[in-house]
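When a ligand or atom number is given, it counts from 1 through the structure's own listing order. All residue numbers refer to positions in the sequence shown, counting from 1.
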Amino acid sequence: MTKTPLIISTDPGIDDAVAITIALFAKQLDVKLIVPTWGNVSLPKTLTNTLKLLAFLGKTIPVVRGASQPLLRSAISAADVHGESGLAGFAFPAAATTCLQPGLAATAIHEVVAASSEPVTLMQIGPATDFALYFNQYPDDLAHIKELVIMGGAISAGNWGPYAEYNVAGDPEAAQMVFKSGLKIRVAPLELGHQAYVDQTVLKQIEQTGHVGHMIAALLTNLHDLNTNQGVEIYDALAAGILLNPDMYEFKPAFVNIETTHAYTYGASVMDFDHFFKQQPNAEIGVTIHRTDFSNWLLATIAAIPQGH
Ligand code: RIB
Ligand code: CA
């Protein structure tokens with residue numbers, strides 16, 4: 001099987017940690033580079049969290065520092081949800097600092113794409129800052145990108161404003177640049193997370209799969225606000241799911257435009273499924289996912305991770 005080369009832009013972040021773990025052990029994927037960026041918590045913390053996760057999982061993957069700030073606005077924070085460290089709930093080993101390579105993220109991404117014999121897939125599970133900067137700096141690379149999978153945006157109600165979802169709201173200008181890139185884009189919006197919550201029974205089963213499952217369950221139990229009696233919403237794992245098991249989803253084409261001018265709608269992802277704006281669709285939006293399909297897939301995927309790690 002030809003593995004799909006993958007670059008991950010991420011702001012770990014508890015649900016990021018789940019998505020990164022899934023991607024690292026997926027036999028269909030070859031994770032070439034991880035780019036921690038500012039987001040749920042500051043860049044120093046997301047960088048440390050990435051390196052600690054790699055150490056725990058026993059994976060040696062190149063890591064390069066991403067952006068420490070959005071393009072224009074000042075950074076927002078979700079430490080109240082993910083904990084001050086960004087990975088509340090589990091004591092990770094020391095960071096795998098040998099994975100960290102010097103230089104700028106855009107250059108590192110370019111070097112991976114230039115060296116790849118296969119078109120590279122991008123997965124964006126945090127703010128879009130780094131991919132926007134990369135597209136700006138290396139526009140010719142777009143022809144060598146297979147697709148971009150995004151966890152972000154909301155079809156209607158947001159979680160960082162009435163219409164703004166956190167990743168998009170964090171850097172609306174960058175998100176707009178990404179949606180205007182012309183790339184094939186598939187999106188896991190906030191609504192999929194609401195539909196595909198993982199209930200406490202499945203969380204318990206995940207916990208019992210081994211010490212990776214134990215780590216994931218410990219983190220998810222500490223995902224404040226999103227872990228209710230009903231279950232926990234693991235948004236970023238839905239982006240990994242698009243890459244690894246797309247049949248779980250129903251997708252619909254939409255023209256996505258990001259609001260970057262007005263105060264009360266700043267960061268809103270306006271998704272036009274009905275050609276109101278007479279614009280060609282620029283993304284496939286995941287509109288439905290069956291909760292048990294996702295839970296069964298997530299449990300089976302984590303259970304399949306080698307017990308040694
Ligand atoms: O709105 C959910 C998104 O914001 C997820 O990627 C979560 O990790 C946070 O970054
Ligand atoms: Ca994230």
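Partner Phe294 forms a side-chain contact (heavy atoms from CB on, under 4.5 Å) with one of Leu299, Val202, Val198, Leu192 and no other, that one being Val198.
Residues Thr4 and Gln28 have side chains that never bring a donor and an acceptor to within less than 3.5 angstrom of each other. For the residue pair Asp16 and Asn40, a side-chain donor N or O sits within less than 3.5 Å of a side-chain acceptor on the partner. Between His194 and Glu233, the side chains place a donor N or O and an acceptor N or O closer than 3.5 Å (distance only, hydrogens not considered). Asp130 and Ser9 form no side-chain donor-acceptor contact under 3.5 Å, judged by distance and modelled atom types alone.
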Write none if no such pair exists; otherwise list each N/O atom of ligand 1 with its protein N/O partner under 3.5 Å and the distance.
residue, atom, partner, partner atom, Å
ligand 1, 1 (O), Asn159, ND2, 3.0
ligand 1, 1 (O), Glu165, OE2, 2.5
ligand 1, 4 (O), Asn167, OD1, 3.2
ligand 1, 6 (O), Ile125, O, 3.0
ligand 1, 6 (O), Asn167, ND2, 2.9
ligand 1, 6 (O), Asp236, OD1, 2.6
ligand 1, 6 (O), Asp236, OD2, 3.1
ligand 1, 8 (O), Asp15, OD1, 2.6
ligand 1, 8 (O), Asp15, OD2, 3.2
ligand 1, 8 (O), Asp16, OD1, 2.9
ligand 1, 8 (O), Asn40, ND2, 3.0
ligand 1, 8 (O), Asp236, OD2, 3.1
ligand 1, 10 (O), Asp11, OD1, 3.4
ligand 1, 10 (O), Asp11, OD2, 3.0
ligand 1, 10 (O), Asn40, OD1, 3.2
ligand 1, 10 (O), Asn40, ND2, 3.3
ligand 1, 10 (O), Asn167, OD1, 2.9

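For Asp236 atom OD2 and Asp16 atom OD2, the angle they make at the Ca ion (ligand 2) is roughly 80°, to 10 degrees. Draw a line from the Ca ion (ligand 2) to OD1 of Asp11 and another to O of Ile125, and the angle between them is 90° (to 10°).
Taking the centre of each ring, Tyr266 and Tyr264 stay at or above the 6.0 Å mark.
A 6.0 Å sphere centred on NE2 of His214 holds no more than 12 heavy atoms belonging to other residues, nucleotides or ligands.
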